[in-house]
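Here's the structure we're looking at; comments come further down.
Computed over heavy atoms, backbone and side chain alike; hydrogens, waters and symmetry mates excluded. Note on naming: letters A, B, ... go to the chains in the order of the sequence lines (proteins, then strands), and numbering restarts at 1 for each one.
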2 protein chains.
Amino acid sequence: MLSWGDYISIDIHQTDLKLTSYIKNKLAPFNLAPEQNLILMLLWELDGLSQNDIAEKLDKDKTNIARMVLNLERKGFIKRTVSQHDRRSLKVNLTEKGRALGNKIIPITEEFNHLVTHGITEEELKELSRILKKMRENAR
Amino acid sequence: MLSWGDYISIDIHQTDLKLTSYIKNKLAPFNLAPEQNLILMLLWELDGLSQNDIAEKLDKDKTNIARMVLNLERKGFIKRTVSQHDRRSLKVNLTEKGRALGNKIIPITEEFNHLVTHGITEEELKELSRILKKMRENAR
DNA sequence: TTAAAAAAGTTGCTATAACAACTAATAACA
DNA sequence: TGTTATTAGTTGTTATAGCAACTTTTTTAA
């Protein structure tokens with residue numbers, strides 16, 4: 001019988017919680033939650049995605065995306081407009097405020113990544129990433 | 001500047017979501033949520049922990065533990081009693097139903113672990129675990 | 001070309017997750 | 001010993017996370 005420490009999924013879960021909690025505190029002063037930040041990170045790379053595009057890229061339920069985008073709109077970081085080509089679809093665009101936020105947040109997330117990977121080599125990270133991907137495929 | 005795929009924390013986060021979602025579906029027929037299952041796993045190994053013990057072992061906020069334990073009690077899997085030595089503390093004990101549930105759930109979680117680690121060697125798992133631990137320490 | 005199917009979003013629900021502020025009980029210590 | 005600090009648990013709030021069922025619009029197909 002397996003004991004507590006043998007479950008790798010628990011290990012991953014605890015690590016995710018710890019990392020998410022850390023970045024949550026770093027982002028809090030900017031009135032930005034971690035998942036909201038992920039959405040903005042997508043938009044900073046490519047503005048004008050639809051909610052559906054975002055849901056696919058984040059591999060998340062569209063329900064949550066809708067609510068998170070709504071929050072981002074309330075905070076004034078993005079603006080939604082009905083797509084001209086498909087009236088079902090909502091295009092999500094950064095506001096000036098949302099674009100400006102990127103200049104502050106991106107250094108913070110890069111610093112965070114640097115901190116997290118401290119003492120871990122490039123090869124180890126690649127290996128880690130490879131194994132995690134395999135696990136995601138195993139659980140499909 | 002880092003791009004999307006360079007953030008190892010995102011990789012971990014997505015993997016955790018995928019694995020949690022998978023086991024959630026496996027446990028759903030038993031009216032058991034993933035985190036509730038973690039609590040029961042602790043109790044199956046050592047019955048009679050306090051809510052505070054559970055919070056420490058799971059490294060979670062005691063608030064959530066209180067609510068999850070309450071749910072487990074409503075479902076009839078555990079029973080809480082005030083500790084005789086410390087009247088602030090609640091002792092959490094398995095009911096007959098809760099103990100019986102273990103016989104059904106443990107094979108499922110072991111099968112889950114087996115599925116997740118398919119095609120991954122023992123050394124790779126050890127290495128993974130070591131790196132994850134390092135990351136948790138980095139984010140402390 | 002109209003009926004059926006699919007797609008994009010929304011609303012409602014349940015379950016985490018963590019913080020702040022609170023009560024009650026116990027421990028520390030001056 | 002009596003005040004203070006700490007500890008265990010609860011309540012309230014905000015933010016994910018995903019399922020089911022729904023509306024509106026677009027696409028497929030008979």
Side-chain angles (χ1 to χ4, degrees), chain A residues 10 13-40 49-75 80-92 139, chain B residues 10 13-40 49-75 80-92 139:
Chain A
I10 295 177
H13 185 57
Q14 307 287 45
T15 307
D16 178 42
L17 286 182
K18 187 72 86 181
L19 298 185
T20 299
S21 166
Y22 187 93
I23 193 65
K24 181 184 168 192
N25 289 324
K26 288 288 180 193
L27 296 177
F30 301 92
N31 190 24
L32 191 61
E35 297 293 331
Q36 292 168 13
N37 178 50
L38 286 189
I39 292 177
L40 288 185
L49 295 169
S50 71
Q51 291 192 182
N52 202 55
D53 292 335
I54 295 171
E56 280 186 3
K57 279 175 191 286
L58 294 183
D59 194 23
K60 274 195 211 310
D61 194 283
K62 59 194 167 139
T63 310
N64 309 314
I65 302 301
R67 283 187 261 242
M68 288 190 269
V69 165
L70 188 65
N71 274 333
L72 285 171
E73 189 167 47
R74 282 180 183 146
K75 291 176 179 180
R80 293 186 298 174
T81 50
V82 174
S83 163
Q84 299 198 323
H85 308 297
D86 185 342
R87 297 215 320 273
R88 293 169 303 180
S89 180
L90 288 177
K91 228 161 70 89
V92 181
Chain B
I10 296 178
H13 185 59
Q14 307 288 44
T15 307
D16 178 43
L17 287 182
K18 185 72 87 181
L19 299 186
T20 299
S21 168
Y22 187 94
I23 193 65
K24 182 183 168 194
N25 287 324
K26 289 288 182 194
L27 297 177
F30 300 92
N31 191 24
L32 192 62
E35 297 294 330
Q36 292 168 12
N37 178 50
L38 286 189
I39 292 177
L40 289 185
L49 295 169
S50 72
Q51 291 192 182
N52 202 54
D53 293 335
I54 295 172
E56 280 185 4
K57 279 175 190 286
L58 294 183
D59 193 24
K60 276 194 212 307
D61 194 283
K62 58 192 170 141
T63 311
N64 309 312
I65 302 300
R67 281 187 261 244
M68 288 190 269
V69 165
L70 188 65
N71 274 332
L72 285 171
E73 189 167 48
R74 281 180 183 146
K75 291 177 180 180
R80 293 186 297 175
T81 51
V82 175
S83 163
Q84 299 198 323
H85 308 297
D86 186 342
R87 296 214 322 272
R88 293 170 301 179
S89 180
L90 287 176
K91 229 162 68 87
V92 181

- Would you mind reading off the distance between B:Asp59 atom CG and C:dA18 atom C1', rounded to a whole angstrom? 12 Å

- Note on the structure: Within residues 13-26 of chain B, the residues having a heavy atom closer than 4.0 Å to DNA chain C are none

- Whole-Å distance separating the CD atom of B:Gln84 from the C1' atom of C:dA25: 16 Å

- Message: Can you measure A:Glu73 atom CD to D:dA15 atom P for me and round it to whole angstrom units?
- Response: 15 Å

Within the sub-3.5 Å range, which N or O atoms of nucleotides 4-9 of chain C have a protein N or O partner, and how far apart are they?
from	atom 1	to	atom 2	distance (Å)
C:dA7	N3	A:Arg88	NH1	3.0
C:dA8	OP1	A:Asn52	ND2	3.1
C:dA8	OP2	A:Asn52	ND2	2.9
C:dG9	OP1	A:Gln51	N	3.3
C:dG9	OP1	A:Ser89	OG	3.3
C:dG9	OP1	A:Leu90	N	2.7
C:dG9	OP1	A:Leu90	O	3.3
C:dG9	OP2	A:Asn52	N	2.7
C:dG9	N7	A:Lys62	NZ	2.8
C:dG9	O6	A:Lys62	NZ	2.9

- Message: Holding to side-chain contact (heavy atoms from CB on, under 4.5 Å), I want the full list of residues that pass it with A:Ser21, two or more places apart in sequence or in another chain.
- Response: A:Asn25

- Note on the structure: With sequence neighbours left out, the residues meeting side-chain contact (heavy atoms from CB on, under 4.5 Å) with A:Ile10 are A:Trp4, A:Tyr7, A:Gln14, B:Leu38, B:Met41

- Item | Partners passing side-chain hydrogen bond (donor to acceptor under 3.5 Å, both in side chains) against B:Lys75 (at least two apart in sequence or in another chain) | B:Gln36

- Query: Checking side-chain contact (heavy atoms from CB on, under 4.5 Å) for the pair B:Leu90/B:Val82: CA distance, chi angles, key distance, verdict?
  - Reply: CA-CA 5 Å; B:Leu90 287 176; B:Val82 175; 3.9 Å; yes

- For A:Leu72 and D:dT16, give me the distance from atom CG to atom P, rounded to whole Å. 8 Å

- Query: Can you name the residues that form a side-chain hydrogen bond (donor to acceptor under 3.5 Å, both in side chains) with B:Ser50, not counting sequence neighbours?
  - Reply: B:Asp53

- Message: So if I take the C1' atoms of five pairs at each end of the helix from C:dT1-D:dA30 to C:dA30-D:dT1 and get each local axis, what angle do the two axes make, rounded to 10 degrees?
- Response: 20°

- Residue list, side-chain contact (heavy atoms from CB on, under 4.5 Å) with A:Asp59, at least two apart or on another chain: B:Lys18

- Query: Nearest-Å distance, CD1 (A:Ile39) to C1' (D:dT16)?
  - Reply: 10 Å

- Task: Between A:Lys60 and A:Arg87, name the one whose nearest nucleotide on DNA chain D is closer to the 5' end.
- Result: A:Lys60

- Query: Which nucleotide sits closest to the side chain of A:Thr63: C:dT16, D:dT16, D:dG18?
  - Reply: D:dG18

- Answer yes or no: side-chain N or O of B:Arg67 and base N or O of D:dG9 forming a donor-acceptor pair under 3.5 Å. no

Donor-acceptor list for residues 61-69 of chain B side chains, cut-off 3.5 Å, not counting sequence neighbours:
from	atom 1	to	atom 2	distance (Å)
B:Asp61	OD1	B:Thr63	N	2.7
B:Asp61	OD1	B:Thr63	OG1	2.4

- Task: Take atom CG of A:Asn31 and atom C1' of C:dC19, then tell me their distance rounded to the nearest Å.
- Result: 15 Å

- Those residues at least two apart in sequence (or on a different chain) that pass side-chain hydrogen bond (donor to acceptor under 3.5 Å, both in side chains) with B:Glu73 are B:Arg80

- Message: Whole angstroms only, please: what is the CG-P distance between A:Asp61 and C:dT11?
- Response: 15 Å

- So salt bridge (Lys or Arg N to Asp or Glu O under 4.0 Å) across residues 23-33 of chain A, not counting sequence neighbours, yields none

- Task: Using atom NE2 of A:His85 as one end and atom C1' of D:dT27 as the other, report the distance to the nearest whole Å.
- Result: 17 Å

- Message: Once salt bridge (Lys or Arg N to Asp or Glu O under 4.0 Å) is applied, do any residues pair with B:Arg87, and if so which ones, sequence neighbours excluded?
- Response: none

- Message: Quick one, B:His13 with A:Thr20, criterion side-chain contact (heavy atoms from CB on, under 4.5 Å). Give me CA distance, side-chain angles, the key distance, then yes/no.
- Response: CA-CA 8 Å; B:His13 185 59; A:Thr20 299; 4.1 Å; yes

